[in-house]
Amino acid sequence: MSAPKKRLLTAGRKESLKGYLLIAPAILLLSVFTIYPIFYLLHSSLHDGSLLSKKRNFVGLDNFATLFGSVDFHTTLRNTIIYSVGLVAVLMVLATLFAVWVNGEAQKRLNSVTLAAVFTPHIISLVSVSTVFLWIMDPQIGAINFLLRAVGLSPFPFLASSRTALASLVGMMVWKSLGYYSLLILAALQGVPKDIYEAASIDDTPRVKVFFQITLPMISPTLFFTTIVATISSFQVFETVNLMTQGGPVNSTNTLVYQIYSDAFKYLKLGIASAEGVVLLAFVGILTILYFAFLGKKVHYQ
């Protein structure tokens, strides 16, 4: 009698093959739209050339040396870091406090109206918001300065001064993003078990102590997630700078993504723009690793 033929695909291999087939579309899209562009960016950063020419000359690390030897690029990096740190810090504090306030018993009846009012700016186009705030912050005919003059105060320069322009952009983005992050944190607050607060109430625990020792640890996973998302988003700021300041006045609001756009499409310096893209990628990657290394240890998962 002939020996039985061995199956090429066992039950375990069939299951593994099904798994690979299911994730194949996602892997393909990730490779085409993420992995390949990253390698192309790294390749372009080591070459010189223009978008108008297919000729690329290998220059090694010269593009990076040019960048880090430029005072303007140092200013751009500083602006980006200040903008990111300022926006994330103010946004997370205000969003947490607002979510805690809305979640309180006294505000239950106002929840729908309050959340709708605060969340509405998030769904408005950033172009529209930038255009409106460009008028509101105008030093001559702006609505805020009109009110300041009406009560006898001096007008505020907002976007017209290098000292206040970056802070003005941060304030506008806080107004636009507050509702979105507040809604995420509010959802986390509503998932905290009520019996924990009841036990704290029985022990007559002060509200401040309850906030720092119960509320914050219980919603720390959401705070951790929103902080990372807000940080990555803040490093990618472009529309507001492009529409409202174009990097001015005196390079005070020029950010890394806007600088990449300028070098690539205005000045056609593909190599320099690619090197700036690598710097941006490195910054975001390092910050994410630091977040997981330090803040991740303080996250309490239920």
Side-chain angles (χ1 to χ4, degrees), residues 27 29-47 59-93 95-96 166-167 169-170 173-174 177 180-181 184-185 216 220-242 247 251-264 269-301:
I27 295 297
L29 292 174
L30 184 67
S31 301
V32 172
F33 294 105
T34 302
I35 298 177
Y36 171 74
I38 288 176
F39 280 101
Y40 184 80
L41 178 69
L42 293 172
H43 176 270
S44 298
S45 68
L46 302 177
H47 293 74
V59 295
L61 299 177
D62 287 355
N63 289 327
F64 294 95
T66 301
L67 283 182
F68 288 103
S70 170
V71 177
D72 290 339
F73 184 70
H74 292 168
T75 303
T76 299
L77 277 181
R78 184 191 64 195
N79 293 340
T80 306
I81 294 173
I82 292 174
Y83 176 88
S84 179
V85 172
L87 176 61
V88 173
V90 174
L91 187 57
M92 287 297 101
V93 171
T96 302
L166 195 60
L169 294 182
V170 170
M173 284 306 299
V174 168
S177 307
Y180 173 72
Y181 292 100
L184 293 177
I185 297 172
L216 286 185
S220 57
T222 300
L223 292 177
F224 182 60
F225 166 76
T226 52
T227 301
I228 292 179
V229 172
T231 301
I232 295 175
S233 177
S234 65
F235 267 88
Q236 296 174 341
V237 58
F238 171 74
E239 294 96 331
T240 53
V241 176
N242 186 39
N251 208 32
S252 60
T253 61
N254 195 18
T255 57
L256 200 48
V257 173
Y258 185 76
Q259 187 64 45
I260 293 171
Y261 161 77
S262 299
D263 285 332
K269 298 178 181 178
L270 182 61
I272 294 294
S274 299
E276 291 166 344
V278 172
V279 173
L280 175 63
L281 179 65
F283 258 95
V284 173
I286 291 172
L287 274 177
T288 304
I289 292 173
L290 291 176
Y291 276 151
F292 276 95
F294 294 100
L295 295 182
K297 297 178 181 179
K298 298 182 180 180
V299 176
H300 301 272
Y301 296 98

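Computed over heavy atoms, backbone and side chain alike; hydrogens, waters and symmetry mates excluded.
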Which atom names give the shortest non-hydrogen contact between [X] and [Y], and what distance separates them?
X: Phe235; Y: Leu280; value: O-CD1, 3.8 Å
X: Asn63; Y: Ser44; value: ND2-O, 4.3 Å
X: Val241; Y: Gly247; value: CG1-N, 3.6 Å
X: Pro37; Y: Ser31; value: CD-O, 4.2 Å
X: Ala273; Y: Asp263; value: CB-CB, 4.1 Å

Give, for atom [atom1] of [X] and atom [atom2] of [Y], the distance between the pair rounded to the nearest 0.5 Å.
X: Ser274; Y: Lys269; atom1: OG; atom2: NZ; result: 13.5 Å
X: Leu67; Y: Leu61; atom1: CG; atom2: CG; result: 11.0 Å
X: Asp62; Y: Phe64; atom1: CG; atom2: CZ; result: 10.5 Å
X: Ser70; Y: Glu276; atom1: OG; atom2: CD; result: 9.0 Å
X: Ser234; Y: Leu169; atom1: OG; atom2: CG; result: 13.0 Å
X: Leu46; Y: Leu41; atom1: CG; atom2: CG; result: 9.5 Å

Next item on the list: Start with the C-alpha gap between Val237 and Met173, add the side-chain angles, then the distance that decides, and say whether side chain to side chain contact (heavy atoms under 4.5 Å, CB included) holds.
Entry: CA-CA 10 Å; Val237 58; Met173 284 306 299; 5.5 Å; no

Ignoring hydrogens and angles, tell me if any N or O in the side chain of [X] forms a donor-acceptor pair with the backbone of [Y] under 3.5 Å.
X: Asn79; Y: Asn251; answer: yes
X: His47; Y: Val59; answer: no
X: Thr80; Y: Thr76; answer: yes
X: Thr226; Y: Leu223; answer: yes

Compare all side-chain heavy atoms of [X] with those of [Y] and state whether any distance is below 4.5 angstrom.
X: Leu216; Y: Ser220; result: no
X: Ile81; Y: Phe283; result: yes
X: Thr75; Y: Asn254; result: no
X: Leu256; Y: Phe73; result: yes
X: Val279; Y: Leu77; result: yes
X: Ile260; Y: Phe238; result: no

Notebook entry, point to check: Would Val170 and Tyr83 count as a side chain to side chain contact (heavy atoms under 4.5 Å, CB included) if you check the C-alpha gap in whole Å, the side-chain angles of each, and the deciding distance to 0.1 Å?
Noted result: CA-CA 7 Å; Val170 170; Tyr83 176 88; 3.6 Å; yes

Next item on the list: Show the numbers, then the answer: is there a side chain to side chain donor-acceptor pair (under 3.5 Å) between Thr227 and Tyr291?
Entry: CA-CA 9 Å; Thr227 301; Tyr291 276 151; over 6 Å; no

Item checked: Atom NE2 of His74 with >12 non-hydrogen neighbours under 6.0 angstrom ->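 More than 12 heavy atoms, drawn from other residues, nucleotides or ligands, come within 6.0 Å of this atom.
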
Check: Can Thr253 and Tyr258 be said to form a side chain to side chain contact (heavy atoms under 4.5 Å, CB included), step by step?
Finding: CA-CA 9 Å; Thr253 61; Tyr258 185 76; over 6 Å; no

